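A short write-up of the structure that comes next.
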Amino acid sequence: MISDPHPVRSGLLWGLLGVLAFSFTVPFTRVAVSEGGLPPLFVGAGRAVVAALLAAIALVVTRQALPRGRQWVGVGVVALGVVIGFPVLTSFALTTSSASHGAVVIAVLPAATAVVAVWRTGERPPPAFWLAAAVGAVCAVAFAVVQGGGLGALRLSDLLLFGAVIAAAVGYAEGGLLSRELGAWQTISWALVVAAPFMLALTAFGARGGVGGTAPAWWSFAYLGVVSMFLGFFAWYRGLAIGPMASVSQVQLAQPVFGIAWAALLLGEPIGWSTVLGGFAVIAAGALAVRTRARPRRDQRSASNSRTVTKR
């Protein structure tokens, strides 16, 4: 098999594809639960049930081997973080929070993912990486706050959004690591299957009073289940698996720009010069973070060089 001569570039491209797929999540969730009238618990849990059905079919058709040993622990962490935590928490938050305000979640998620990735994988980004990541996070938060009209007093929706950030950061980092062993789509598929019984029960509970909903709400729900909860993770976890994980996670700094653009088209939210300038600042900071990607420490490089010389 021919190896990729530019693995870092490949990881970033796969990560960007995943981010593009995820960028519709916040506005489509807003359409489903606020504009379209679907119950938030039904949307948050039901989209995982739809994705779990697709995942089960894919696993059976391709005859994937079961995870082994501690891999099940990783699958469980991914399930708790990105299958249960993030969708349910954001669905409830977006019943009262606007799509622009919800972009705050996306703004702080890359930095949170990088922190978890460094702790979980032992990657050691240089100081310039952390500086660029911090600048990018500040720019992204400021961008989302300006577009959302200001944070104001801390509300329940804000607590739910920050809880979703923590859940997703842990799930992203663990999933990226586990993807190196199980494969990208296999990781999210097993997580969806493991969480399916619980999510099915939550979906039924959320639909107990009837669901109703408009046609746009159901189309949004379909996207959330098929793309946001399933296909998007194919690209995202593959990018994280190729890595470096701490750097690929920073590609997500562009997601607030995409998300607010889609919110403007779908929900009619205005876009002004602040959007253009803020988007440029976020993307520039993300690009700088990517360029200062994690590198092996000097002692590790020296050890690697010594082994190479010894082999010769």
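Bear in mind the structure is a predicted one, so any value in this text is a computation, not a measurement.
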More than 12 heavy atoms of other residues, nucleotides or ligands under 6.0 Å from CH2 of Trp219: is that the case? no
side-chain contact (heavy atoms from CB on, under 4.5 Å) between Leu178 and Val75, intermediate numbers included: CA-CA 8 Å; Leu178 190 59; Val75 169; 3.6 Å; yes
Looking at side-chain heavy atoms only, is the closest gap between Ser179 and Arg238 below 4.5 Å? no
Could you tell me whether a side-chain N or O of Ser23 sits under 3.5 Å from a main-chain N or O of Phe258, the two making a donor and an acceptor? no
Hey, is the main chain of Arg68 close enough, under 3.5 Å, to the side chain of Gln71 for a donor-acceptor pair? yes
Hydrophobic clustering (ILVMFWY, side-chain heavy atoms < 4.5 Å, transitive) - are Leu94 and Tyr223 grouped together? yes
Hey, are the side chains of Pro67 and Leu182 touching, using non-hydrogen atoms and a 4.5 Å cut-off? yes
Would a line drawn from the ring center of Trp14 to the ring center of Tyr237 be shorter than 6.0 Å? no
Joint hydrophobic cluster, Trp236 plus Ile166, side-chain heavy atoms closer than 4.5 Å: no
Heavy atoms, side chains only, cut-off 4.5 Å: are Leu12 and Leu16 in contact? no
Side-chain heavy atoms under 4.5 angstrom apart, residues restricted to Ile, Leu, Val, Met, Phe, Trp, Tyr: same cluster for Val251 and Val165? yes
Is the Phe42 to Phe221 ring centre distance short of 6.0 Å? yes
Quick check on the hydrophobic clustering: are Val73 and Val83 connected, directly or via other members, by side-chain heavy-atom contacts under 4.5 Å? no
With a 4.5 Å cut-off on side-chain heavy-atom distances among I, L, V, M, F, W and Y, is there a chain of contacts connecting Met229 to Leu38? yes
Working note: Leu109 + Tyr172, criterion side-chain contact (heavy atoms from CB on, under 4.5 Å); need CA distance, chi angles, decisive distance, verdict. CA-CA 10 Å; Leu109 183 53; Tyr172 282 170; 3.4 Å; yes
Are Leu231 and Trp185 side-chain neighbours, meaning at least one heavy-atom pair lies under 4.5 Å? no
Has Trp218 got a side-chain atom pairing as donor or acceptor with Gly212's backbone, closer than 3.5 angstrom? yes
Please test Val88 against Met199 for side-chain contact (heavy atoms from CB on, under 4.5 Å), starting from the C-alpha separation and ending with a verdict. CA-CA 10 Å; Val88 173; Met199 300 307 277; 4.1 Å; yes
With heavy-atom distances below 4.5 Å as the criterion, would you say the side chains of Thr29 and Arg47 are in contact? yes
Pro40 to Ser91 - nearest heavy-atom pair and separation: O-CB, 3.3 Å
Quick check: Phe22 with Phe233 (ring centres under 6.0 Å apart)? yes
Got Val226 and Leu54 here, is their nearest side-chain heavy-atom distance under 4.5 Å? yes
Validation row: Gln186, Phe234 side chains within 4.5 angstrom (heavy atoms): no
So, the side chain of Ser34 versus the backbone of Val31: is there a donor-acceptor pair under 3.5 Å, distance only? no
Check: Ile188 and Val82 side chains under 4.5 Å, non-hydrogen atoms: yes
